[in-house]
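Below is one structure; the comments refer to it alone.
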Amino acid sequence: MDNSSQNVVAIKKILSANDTGKTGGHQGGMLIPKTVLSFFPDLGNGVKNPRYKLRFRDEEGNVWTFNFIYYNNKFFSEKGKRNEYRLTGMTRFIKENNLQPNDSIILERNSSMELCIKYERSQVQESDNSECMSILKLGSSWKVVNL
DNA sequence: AGCCATGCACCG
DNA sequence: CGGTGCATGGCT
């Protein structure tokens with residue numbers, strides 16, 4: 001095995017309200033805390049606002065393209081103050097999965113360097129449809145019966 | 001350092 | 001024209 005290139009395989013980011021767009025922001029993505037940067041390819045600081053397009057596969061097999069951007073104008077202009085990383089282009093992913101603030105997004109890299117994305121809910125879903133659609137865990141002697 | 005917010009460009 | 005993302009300012 002050769003693990004010299006990457007040792008961080010999975011990261012988890014708890015979504016802020018702004019990340020999900022709930023606060024009226026339309027930045028379309030989330031901030032990447034520096035503590036989790038080693039998961040991502042190095043963007044360097046040679047140019048202003050460098051970026052990569054990264055493809056992530058979700059658990060249903062859909063592929064999403066997000067932009068990993070380093071906003072670093074702090075190092076390129078007198079008045080620049082930006083020095084942070086963001087992953088953008090996630091609006092549709094967040095909407096389709098109905099992700100809320102405090103939910104988590106988990107990014108993983110498998111052995112072939114393929115990126116995957118999944119999510120984890122920390123809040124109980126709003127009880128609009130709690131009547132009949134709770135998650136059901138089936139034991140081996142149970143089966144689903146259609147009425 | 002991280003999160004909130006927004007004017008504008010682009011694109012369907 | 002509405003939704004989306006860029007780039008950036010500002011607040012905590």
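What you see is a predicted model; the values in this text were computed from it and never measured.
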Within the pair [X] and [N], is there a side-chain N or O less than 4.0 Å away from OP1 or OP2?
| X | N | value |
| --- | --- | --- |
| A:Asn72 | C:dA7 | no |
| A:Asn73 | C:dA7 | no |
| A:Lys48 | C:dA7 | no |
| A:Thr23 | B:dC4 | no |
| A:Arg82 | C:dC6 | no |
| A:Ser16 | B:dC4 | yes |
| A:Thr88 | C:dC6 | yes |

Using a distance-only test with no angle check, is there a side-chain donor-acceptor pair under 3.5 angstrom linking [X] and [Y]?
| X | Y | value |
| --- | --- | --- |
| A:Asn83 | A:Tyr70 | yes |
| A:Ser112 | A:Asn110 | yes |
| A:Asn102 | A:Gln100 | no |
| A:Asn67 | A:Lys53 | yes |

- Message: Please compare A:Lys79 and A:Arg92 by the position of their nearest nucleotide in DNA chain C and report the one closer to 5'.
- Response: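 Looking at the nearest nucleotide for each, A:Arg92 comes out on the 5' side.
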
- Query: Does A:Thr91 or A:Lys81 map to a spot on DNA chain C nearer the 5' end, using the closest nucleotide for each?
  - Reply: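 The 5'-side residue here is A:Thr91.
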
- Query: Is the cationic atom of A:Arg51 (NZ for Lys, CZ for Arg) positioned less than 6.0 Å from the six-membered ring centroid of A:Phe68 and within 45 degrees of its normal?
  - Reply: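 Not satisfied by the 6.0 Å and 45° rule.
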
- Query: Between the base of C:dC6 and the side chain of A:Gln27, is there a donor-acceptor distance below 3.5 Å?
  - Reply: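 It does not, because no donor-acceptor pair links the side chain of A:Gln27 to the base of C:dC6 below 3.5 Å.
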
Can you tell me how far [atom2] of [N] sits from [atom1] of [X], to the nearest Å?
| X | N | atom1 | atom2 | result |
| --- | --- | --- | --- | --- |
| A:Asn83 | B:dC3 | CG | P | 15 Å |
| A:Arg86 | C:dG9 | CZ | C1' | 11 Å |
| A:Tyr85 | C:dT8 | OH | P | 16 Å |
| A:Lys74 | B:dA1 | NZ | C1' | 10 Å |
| A:Glu84 | C:dT8 | CD | C1' | 9 Å |
| A:Leu31 | C:dT12 | CG | C1' | 14 Å |
| A:Asn49 | C:dG5 | CG | P | 17 Å |
| A:Leu87 | B:dC3 | CG | P | 14 Å |

- Query: Does the side-chain ring of A:His26 lie flat on the base of B:dT6, meaning centres under 5.5 Å and planes less than 30 degrees apart?
  - Reply: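 Answer is yes, a stack.
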
- Position toward the 5' end of DNA chain B (nearest nucleotide), A:Lys13 or A:Gly25: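 Comparing both residues, the 5'-ward one is A:Lys13.
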
